[in-house]
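Remarks on the structure that follows.
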Amino acid sequence: MLGTRVLGRTGIEVSEVSVGTWAMGSEWGLSDDEASVRALHRALDLGCTLLDTAQAYGDHRSERLIARVFRERGSSVAVATKLPPKTRRWAPPPGTPIAEVYPPEYILEGADLSLSHLGVDVIDVYQLHTWLEDWNETDEWFEAMDRLKRQGKIRAIGISVRDGKPGEANGSIVKGRVDTVQVVYNILFQAPRKELFPVARAHNVGILARVPLASGALTGKFRRDTVFPPGDWRAQAFAGDTLERLVAAVERVKAIVGTEAPLLTRALQFILADPEVSTVITGVRTVKQAEENLTALAGPALTEAQLSALRALELPRFPASPE
């Protein structure tokens, strides 16, 4: 049975492994809506109690798929969605005023859009899809979010940070403005353990760990000659010698964890070894992926020696997820 954890101070109980719907919006190549719906149903059957989505995943496409599944089931689970930058610049340069990227009226209108597309009465976690450290000193964005909370349209205020600066939301955490933070965290990118987790722990802020398999690398299926399908962002990101270096890094991980359990299992166990992590968001778009991800924790546990060796790895930086 899939375990659960509490999402920080929100009080929302979530499954340790949750489902991300980015791939259902077609940014990973062609998507099949019927396959996506079957995958979501299977994930919920297996105990998933949190779905993570975003308006930008296929222009509300993933949100609408979730709404369809809820209608078909006659029930729902917690949903975390994200508001894209109004400018659609996913990494605005430092110094960009938040009023250009997330003006208050845009935040308010965005919540209504997601409520409509999701077909729900309340958004459990409403997240800003990108963040700059400069914005911790501003107030207007928080006032808009807090207004939504008081209106009962959202339950929790979240921020999604880029993997390059996993501690960039710490200022807002300390001020008590943020209930959750979503961040890239996996065996190949461990910076959040030092830069974010201690502050989140001190303020009881829930952590949603995304990209747990390093965009598929930690499934162990990549080879040096892997070719990604048309439309898959990894075709460009892992060009040149990047894929070769990535495969070499995964080989080092394999040497530590051995073959007693699948690499997928070890990747998720590694992340959940940190109590600050409330849930691991795993990308799913097929029934097979749902079954693999939602049952992965059933394998034998990592030993303390293996965990220590993984945490001691020094690895090169790889291209950030564009999500």
query: Taking it one step at a time, do Leu302 and Leu310 satisfy side-chain contact (heavy atoms from CB on, under 4.5 Å)?
result: CA-CA 10 Å; Leu302 275 172; Leu310 290 173; 4.3 Å; yes
- prompt: Taking atom NZ of Lys288 as the centre, does the number of heavy atoms from other residues, nucleotides or ligands within less than 6.0 Å exceed 12?
  reply: no
field: Closest heavy-atom pair and its distance - Pro166, Val183
entry: CB-CG2, 3.8 Å
field: Check: Thr180/Gln127 side-chain N/O donor and acceptor closer than 3.5 Å
entry: no
query: Would Ile123 end up clustered with Val14 when hydrophobic side chains under 4.5 Å apart are linked, directly or stepwise?
result: no
- request: Determine, step by step, whether Ser160 and Arg210 satisfy the side chain to side chain donor-acceptor pair (under 3.5 Å) criterion, reporting the C-alpha distance in whole Å, the side-chain angles of both residues, the deciding distance to 0.1 Å, and the verdict.
  value: CA-CA 10 Å; Ser160 180; Arg210 74 174 186 271; 3.0 Å; yes
statement: Scanning both residues in full, the closest heavy-atom pair of Ala67 with Gly119 reads CB-N, 4.2 Å
- prompt: Looking at side-chain heavy atoms only, is the closest gap between Glu63 and Ser114 below 4.5 Å?
  reply: yes
- prompt: How close do Pro104 and Glu140 get, heavy atom to heavy atom, and via which atoms?
  reply: CG-CB, 3.8 Å
- prompt: Would you say the side chain of Cys48 lies within less than 4.5 Å of the side chain of Val77, judging by non-hydrogen atoms?
  reply: no
field: Beyond-backbone contact of Glu105 with Leu108, side-chain heavy atoms, under 4.5 angstrom
entry: yes
query: Can Tyr185 be reached from Leu313 by stepping across I, L, V, M, F, W or Y side chains whose heavy atoms are under 4.5 Å apart?
result: yes
query: Should we say atom CD of Glu251 is surrounded by more than 12 heavy atoms from elsewhere, each under 6.0 Å from it?
result: yes
query: If you group Ile, Leu, Val, Met, Phe, Trp and Tyr by side-chain heavy-atom gaps below 4.5 Å, do Ile66 and Met24 land in one group?
result: yes
Non-hydrogen side-chain atoms of Asp179 and Val125 separated by less than 4.5 Å: no
task: Would you give the length of the straight line joining atom OH of Tyr126 to atom CD1 of Ile107, rounded to the nearest 0.5 angstrom?
output: 7.0 Å
- prompt: Thr265 side chain to Gly299 main-chain N or O, any donor-acceptor pair under 3.5 Å?
  reply: no
query: Is it true that Arg68 and Glu34 have a side-chain N and a carboxylate O under 4.0 angstrom from each other?
result: yes
- prompt: How many angstroms lie between atom CG of Leu307 and atom CZ of Arg266, to the nearest 0.5 angstrom?
  reply: 10.5 Å
- prompt: Do Phe222 and Phe228 have ring centres separated by under 6.0 Å?
  reply: yes
- prompt: Out of Thr279, Ile187, Ile281, Val277, which residue meets the side chain to side chain contact (heavy atoms under 4.5 Å, CB included) rule with Ile271?
  reply: Val277
- request: Would you indicate whether Arg177, at its atom CZ, is surrounded by more than 12 heavy atoms from other residues, nucleotides or ligands within a distance under 6.0 Å?
  value: yes
message: Tell me whether Leu297 shares a hydrophobic cluster with Leu50, the cluster being built from Ile, Leu, Val, Met, Phe, Trp, Tyr side chains joined at under 4.5 Å.
response: no
- prompt: Are the charged groups of Arg311 and Asp274 less than 4.0 angstrom apart, N to O?
  reply: yes
query: Got Lys82 and Asp52 here, is their nearest side-chain heavy-atom distance under 4.5 Å?
result: yes
message: If you compare all heavy atoms of Ser62 against all heavy atoms of Gly25, which two are closest, and at what distance to 0.1 Å?
response: OG-N, 3.5 Å
query: Counting distance only, does the side-chain N/O of Arg285 pair as donor-acceptor with the main-chain N or O of Ala35 below 3.5 Å?
result: no
task: Would you give the length of the straight line joining atom CG of Leu115 to atom OG1 of Thr81, rounded to the nearest 0.5 angstrom?
output: 9.5 Å
task: Following the transitive rule for hydrophobic clusters with a side-chain heavy-atom cut-off under 4.5 Å over Ile, Leu, Val, Met, Phe, Trp and Tyr, establish whether Val161 and Leu188 coincide in one cluster.
output: yes
query: Between Thr226 (side chain) and Arg223 (backbone), is there a donor-acceptor pair under 3.5 Å?
result: yes
- request: Just do the side-chain contact (heavy atoms from CB on, under 4.5 Å) check on Trp141 and Ile157 with the steps written out, would you?
  value: CA-CA 11 Å; Trp141 70 273; Ile157 299 169; 4.2 Å; yes
- request: Please confirm whether the backbone N or O of Gly110 pairs with a side-chain atom of Gln55, one donor and one acceptor, at under 3.5 Å?
  value: yes
- prompt: Is there a donor-acceptor pair under 3.5 Å between the side chain of Ser308 and the backbone N or O of Glu304?
  reply: yes
message: Using a 3.5 Å distance criterion without hydrogens, assess whether the side chain of Thr219 forms a donor-acceptor pair with backbone atoms of Gly216.
response: yes
- prompt: With a 4.5 Å limit on heavy-atom distance, are the side chains of Glu291 and Val287 in contact?
  reply: yes
message: For Lys165, is the NZ atom crowded, meaning more than 12 foreign heavy atoms sit under 6.0 Å from it?
response: no
message: If you count every heavy atom of other residues, nucleotides or ligands that lies below 6.0 Å from Glu72 atom CD, does the total exceed 12?
response: yes
field: Separation between CG of Asp241 and CG of Leu243, rounded to the nearest 0.5 Å
entry: 9.5 Å
- prompt: Crowded around Asp121 CG? As in, over 12 foreign heavy atoms under 6.0 Å?
  reply: no
message: Apply salt bridge (charged side-chain N to carboxylate O under 4.0 Å, His left out) to residues Asp45 and Arg73 and explain how you reach the verdict.
response: CA-CA 10 Å; Asp45 290 342; Arg73 296 179 76 88; 3.0 Å; yes
- line: On a heavy-atom basis, the closest approach of Pro85 and Val101 is CB-CG1, 3.4 Å
task: Please check if the side chain of Asn186 supplies one atom and the backbone of Leu213 the other of a donor-acceptor pair under 3.5 Å.
output: no
task: Supply the atom-to-atom distance Glu244 CD to Arg224 CZ, rounded to the nearest 0.5 angstrom.
output: 5.5 Å
query: Looking at side-chain heavy atoms only, is the closest gap between Val17 and Leu2 below 4.5 Å?
result: yes
query: Taking Tyr102 for the side chain and Trp131 for the main chain, is one N or O donor matched with an acceptor at less than 3.5 Å?
result: no
message: For the backbone of Leu65 and the side chain of Asp33, can you confirm whether one donor and one acceptor N or O come within less than 3.5 Å of each other?
response: no
query: Can Val174 and Val199 be said to form a side-chain contact (heavy atoms from CB on, under 4.5 Å), step by step?
result: CA-CA 7 Å; Val174 170; Val199 180; 4.0 Å; yes
message: Around atom NZ of Lys175, are there more than 12 heavy atoms from other residues, nucleotides or ligands closer than 6.0 Å?
response: yes
task: Measure across Ser172 and Val178 and return the closest heavy-atom pair with its distance rounded to 0.1 Å.
output: CB-CG2, 3.5 Å
Exam field: side chain Ser18 to backbone Ser15, donor-acceptor pair closer than 3.5 Å: no
query: Are a donor atom and an acceptor atom from the side chains of Ser36 and Arg61 found within less than 3.5 Å of each other?
result: no
- request: Could you walk me through whether Trp135 and Ile159 pass the side-chain contact (heavy atoms from CB on, under 4.5 Å) test, one step at a time?
  value: CA-CA 11 Å; Trp135 298 345; Ile159 289 173; over 6 Å; no
message: Within this structure, what is the NZ-CZ distance for the pair Lys153 and Arg147, rounded to the nearest 0.5 Å?
response: 7.5 Å
query: Is there side-chain contact between Asp124 and Leu7, with heavy atoms separated by less than 4.5 Å?
result: no
